[in-house]
Amino acid sequence: MRAAIVIFGAAVRPDGSASPTLRRRVEAAARFGARLADPLYVPTGAKGRFGPAESRVMARLLEEFGVDAARILEEPTGTDTLSSALASVALLRGMGHAGPVYAATSRFHLPRCLLLLRLAGMPARPVPIGGSAGAEGWRRRWYWRLREVPAIPYDAGLALWHRLVRRGGHS
C-alpha cells in the first residue's frame, strides 16, 4: 500500500523562498519518503503574507530534493493547522487512499497534527524529524511549545465538532 506523507506548512519569506522551519519540514519528509516505496507527498498550506502558497513552495523544494512531481499532490487551501489537516484528509479520502499516513512537521507541532489527523479519521504516524531543533534560541523554542498548550484542546474541540456535524449529514 502506498504511504502518504502530509507536510504541514510554515511561513514563506518575502522573497518567496521557504523559511528555515518550512525547509526543515520538507527535508524531513523527503528523507523519510526516500526509505519508502513510491510515497505520495501532500504538502499543505495556502498563500500566507508572502510569496506563493506554502504548498507550492514545498512542492518545489521536494522536486529540488529529487522527488518526482508525479508523487506530489498539493493541498493549497489550508490556512491553519486544523483546516490543513481536514483538507488533507478530504483529499486523500477523495482519491480512495487506503495506505498509511504520516505527518511531517516541527517537533512542537507534531502532537497537534497527529491528533487532528486522527480525529479526522486518518490514523497518522509521525515522520521522524531528526537533526537539531533549529537555529532558534531557547526562548523562541519555548514560545512555540507554550503556544501549543491552548491550541491543542481548541483545535481538537473544533475537529470533534466537525466530525460530529459530518456524521450527522450536515456537511
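All figures in this text were calculated on a predicted structure; none of them were measured in a lab.
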Where do [X] and [Y] come nearest, in terms of heavy atoms and distance?
| X | Y | value |
| --- | --- | --- |
| Thr79 | Ala46 | CG2-CB, 4.1 Å |
| Pro111 | Arg107 | CD-O, 3.5 Å |
| Arg125 | Pro100 | NH2-CB, 2.9 Å |
| Gly78 | Ser84 | CA-OG, 3.4 Å |
| Arg35 | Pro128 | NH2-CG, 4.5 Å |
| Leu110 | Ala103 | CD1-O, 3.7 Å |

Any chance you could measure [X], atom [atom1], to [Y], atom [atom2], to the nearest 0.5 Å?
| X | Y | atom1 | atom2 | result |
| --- | --- | --- | --- | --- |
| Leu22 | Arg25 | CG | CZ | 7.5 Å |
| Leu158 | Thr81 | CG | OG1 | 12.0 Å |
| Leu117 | Phe8 | CG | CZ | 4.0 Å |
| Ile129 | His109 | CD1 | NE2 | 11.0 Å |
| Ile7 | Glu74 | CD1 | CD | 10.5 Å |
| Thr44 | Met58 | OG1 | CE | 6.5 Å |

Please table the atom pairs, donor to acceptor, closer than 3.5 Å between any side-chain atom in residues 63-73 and protein atoms at least two apart or in another chain.
| unit_1 | atom_1 | unit_2 | atom_2 | d |
| --- | --- | --- | --- | --- |
| Asp68 | OD1 | Ala70 | N | 3.0 |
| Arg71 | NE | Pro39 | O | 3.3 |

Note, [X] side chain near [Y] side chain (heavy atom, < 4.5 Å):
| X | Y | answer |
| --- | --- | --- |
| His162 | Val165 | no |
| Pro43 | Val26 | no |
| Leu40 | Met95 | yes |

Electrostatic pair Glu27:Arg31 at N-O distance under 4.0 angstrom: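 Judged by the 4.0 Å cut-off on N to carboxylate O distance, Glu27 and Arg31 do not form a salt bridge.
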same_hphob_cluster([X], [Y]) at 4.5 Å side-chain heavy-atom cutoff:
| X | Y | value |
| --- | --- | --- |
| Leu86 | Val6 | no |
| Leu61 | Phe32 | yes |
| Val127 | Leu36 | yes |
| Leu119 | Leu114 | no |
| Val89 | Leu116 | no |

Pairs where residues 3-15 contributes a residue and the test side-chain hydrogen bond (donor to acceptor under 3.5 Å, both in side chains) is met, not counting sequence neighbours: Asp15-Ser17
List for me each residue that meets salt bridge (charged side-chain N to carboxylate O under 4.0 Å, His left out) alongside [X], sequence neighbours excluded, and say none if there are none.
| X | value |
| --- | --- |
| Arg93 | none |
| Arg2 | Asp38 |
| Arg112 | Glu148, Asp155 |
| Arg60 | none |

